[in-house]
Every structure is written in structure tokens, then in C-alpha cells.
Number of protein chains: 2
Amino acid sequence: MPDLSHGDDAAAVNALRSAVMRLGRRLKHQRVDESLSPTEMSVLGTLARCGSATPGELARKEHVQPPSMTRIVALLEAKGLVRLEPHPDDRRQKVVTSTEQAEAMLEESRRKRNAWLTAVAEGLDEDEWAKLRAAAPVLEKLAHL
Amino acid sequence: MPDLSHGDDAAAVNALRSAVMRLGRRLKHQRVDESLSPTEMSVLGTLARCGSATPGELARKEHVQPPSMTRIVALLEAKGLVRLEPHPDDRRQKVVTSTEQAEAMLEESRRKRNAWLTAVAEGLDEDEWAKLRAAAPVLEKLAHL
DNA sequence: CATTTTCCTTAGCTTAGGTAATGAGTTACG
DNA sequence: CGTAACTCATTACCTAAGCTAAGGAAAATG
């Protein structure tokens, strides 16, 4: 557990927050499927990673309230990107699974995202990119803590 | 300029995108001043860094449309966080400057942000945090490219 | 059983952004 | 010069994506 009370760490924390929020806003504009919101994409990504989940689990994982997830799941189902089945043990819950179509879309969109980030990252040198790549998994862990 | 076409880099890019978007959403909830939106905070940060700017410049820097910046600036002025003066050479434009009150608020809120991020980062070990700290300025540069 | 709790959903609202259209000021060109 | 074209900020209206509050059904608990 790092001690984050030093001036350097405080500065890093500030830089991190500012950069994450600004980058996040720019990423929102780089939708691969114009009709899908960032959170909806994120849900598909989560399902691809975790297999299947109930709406409540998804809401917790995406840090979104249950009613929001209800609408997201309904929309994804209407687009054929997600399948809903009854929960085996609990008739209140449902099980959400991503379809092959969603898989294909995620795979196909990876190239487009890469293209945009590559274009932006052209302003970085090799060393800077190495630092970023080393930090990527950490940032991902942080986002899920 | 790094070559981002390798599999490892593609994976890093994906991790980066996912983490940034998820973290960004969580950061939105950690407002230090409940009445100020993340973008409004970001504008104050930009002004603190760059001194002063016109609404148009701010809109470009924050990747927001001019009408949105008009509203943001008006709100900040109403709160006394920003001062508006006529542009010396161009009577269409205005010059936006942050007040001492805004400076004080930014400084005061730094502790609160640190507290939240520290709490989250307790799940990281020393090595992970070092990687993140090294990447913070790079991420900030990336967000401004 | 009856009560409480949990899970999903429905309904209505809020907020932060965007687009289109306007008006004033500046620049470029005939 | 003076008019045409462009730029900056603004106004008015709209959309998207969340939220809270309230409900209804199923499960857990006494």
C-alpha cells in the first residue's frame, strides 16, 4: 500500500484525475457503433470477459443504478447483442449473455479504436508509450477496485 | 512515435480505454463541490494552468462546443469563480480569468480528491503505484494532444 | 404463514451536453 | 470605401444517459 500523502503523489493524483476525465470525454466521441453509448459498450465488454451475469451484478460492476441497467439491457436485447434467460434458481432474476453478434462487433471495432488512439499517440515518443503500456493494467485494476 | 500495431499494444490500448471510461464515471461521483460539474472543474483547472483564455479557446481545449462553454462560463461567473473582461483587440471576444476564490477552491478540494483516490489505491502495491505515477504525466499529455 | 428483504422494473426528473439559427464585429476584396 | 464572407459568442430548443422514488413479484426469515 503506497503512501500517497507526499507532494509528488498528490500531483500525480491530480494529473491522473484531470487526464482521465478529459480523455474519457474525448473517447465518448469515438464510438465505433454510433448507436451504442459508452456504457452499453462497456457492458458488452464486461459480458465478454465474465461470461454472463444478472442485471444487478452488471449494475454493480458498471457502477450504475439498477434502473439504468434495466434500460441498457433492454436496448441491447432489442439489438440482438444480448440474450436474456430466466435464472435457474431464482425467478426474480434474469441471466444476461452476450451473443456472437456482440462478440463480432467488439472484435471488429477494436481496429477502429486502435486507429484513433494510435493517431493521438503519435505525439508520444517510445519511452512515454512504454510508461503508458506498463500502467495500463494497473489503471484497469484501479478502475475495478 | 511508437508502433502500436502489435498485439500487446492493442491489448494495452483496450485496457486503457476501458479503464479510463470506467474510472471517469466513478470520478464524476466524487465531486468536491457538489454544485460544480466535472467539466466546470476542468475549466477552472485549465484557467489555473494557462492563466486566461477566451470562451472559444476554452471550448477547443475542453473539447466541448462553444454554446456549452458559454453556459459553463456564465455559471462560473455567477458563482464568482471566474471574471469576464472585454478582449483588448476584438470586441466580439471576451477574456475569462479565474478568481482567487477559484484558486482557493481548487486547493481546498485537492485534499478531498486525494482522500478518495488514496482509499481506492490502497488496493495497489508500491510497484503498481510507481508505474501509475510514471504514467500520469504521459496520460495528461495524451489527453491534451 | 406473515413480514421483511431482494431483485427487477416502471415512471418521472435532472443534467450536461449537442445542433441550428442569430447578431455583432472583423477581415478581405472589388 | 463599402460590401461580402467569415468568426465569435450567444440564444433557443432538443437529446441522451443517468438518477430517485415507487411498485410488484419472488425469496428469505421470524
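Within every chain, numbering begins at 1; the chains are lettered A, B, ... in the order of the sequence lines, protein sequences first and strands thereafter. As the structure is a computational prediction, the values presented were derived from the model and not from experiment.
Straight-line distance from the CD atom of A:E57 to the C1' atom of C:dT6: 13 Å, rounded to whole Å. Distance, B:H87 NE2 to C:dT27 P: 11 Å, rounded to whole Å. Summarising the geometry, the separation between CG on A:L75 and P on D:dA16 is reported as 11 Å, rounded to the nearest angstrom. For the pair B:I72 CD1 and C:dT15 P, the interatomic distance rounds to 15 Å; values are reported in whole Å. Between the CG atom of B:L58 and the P atom of D:dT10 there is a distance of 11 Å, given to the nearest Å. Atoms CZ (A:R92) and P (D:dA28) sit 7 Å apart, rounded to a whole Å. Rounded to a whole Å, the CG atom of B:D90 is 7 Å from the P atom of C:dT27. Rounded to an integer number of Å, the gap from CD of A:E85 to C1' of C:dC8 is 17 Å.
When each of A:K94, A:R92, A:H87 is checked for a side-chain hydrogen bond (donor to acceptor under 3.5 Å, both in side chains) with A:D90, only A:R92 meets the rule.
Side chain of B:P67, nearest nucleotide from D:dT20, C:dA20, C:dC8: C:dA20. Of the candidate nucleotides D:dT10, D:dC8, C:dC8, D:dC8 has the atom lying nearest to any side-chain atom of B:Q93.
Residue contacts for A:P55: at a heavy-atom cut-off of 4.0 Å it reaches the sugar-phosphate backbone alone, with no base atom in range.
Considering only side-chain N and O atoms, B:S68 lies under 4.0 angstrom from the phosphate OP1 or OP2 of C:dG18. Taking 4.0 angstrom as the limit, B:R71 places none of its side-chain polar atoms (N or O) nearer than this to OP1 or OP2 of C:dG17. For B:T70, a side-chain nitrogen or oxygen approaches OP1 or OP2 of D:dT10 to under 4.0 Å. Taking side-chain N and O atoms only, B:T54 has a distance below 4.0 Å to OP1 or OP2 of D:dA9. When the side-chain nitrogen and oxygen atoms of B:S37 are compared with OP1 and OP2 of C:dT15, none of them lie within a distance under 4.0 Å. OP1 or OP2 of D:dT20 sits under 4.0 Å from a side-chain N or O of A:Q65.
Side chain of A:E128 to main chain of A:D125: a donor-acceptor pair is present (N/O by atom type, distance under 3.5 Å, no hydrogens or angles). Judged purely by atom type and a 3.5 angstrom limit, B:T46 uses its side chain to pair as donor or acceptor with the backbone of B:S42.
Taking the charged nitrogens against the carboxylate oxygens, B:E100 and B:R83 do have a contact shorter than 4.0 Å, which makes a salt bridge.
Applying the salt bridge (charged side-chain N to carboxylate O under 4.0 Å, His left out) test to pairs two or more places apart or on separate chains, none has a residue in residues 41-50 of chain B.
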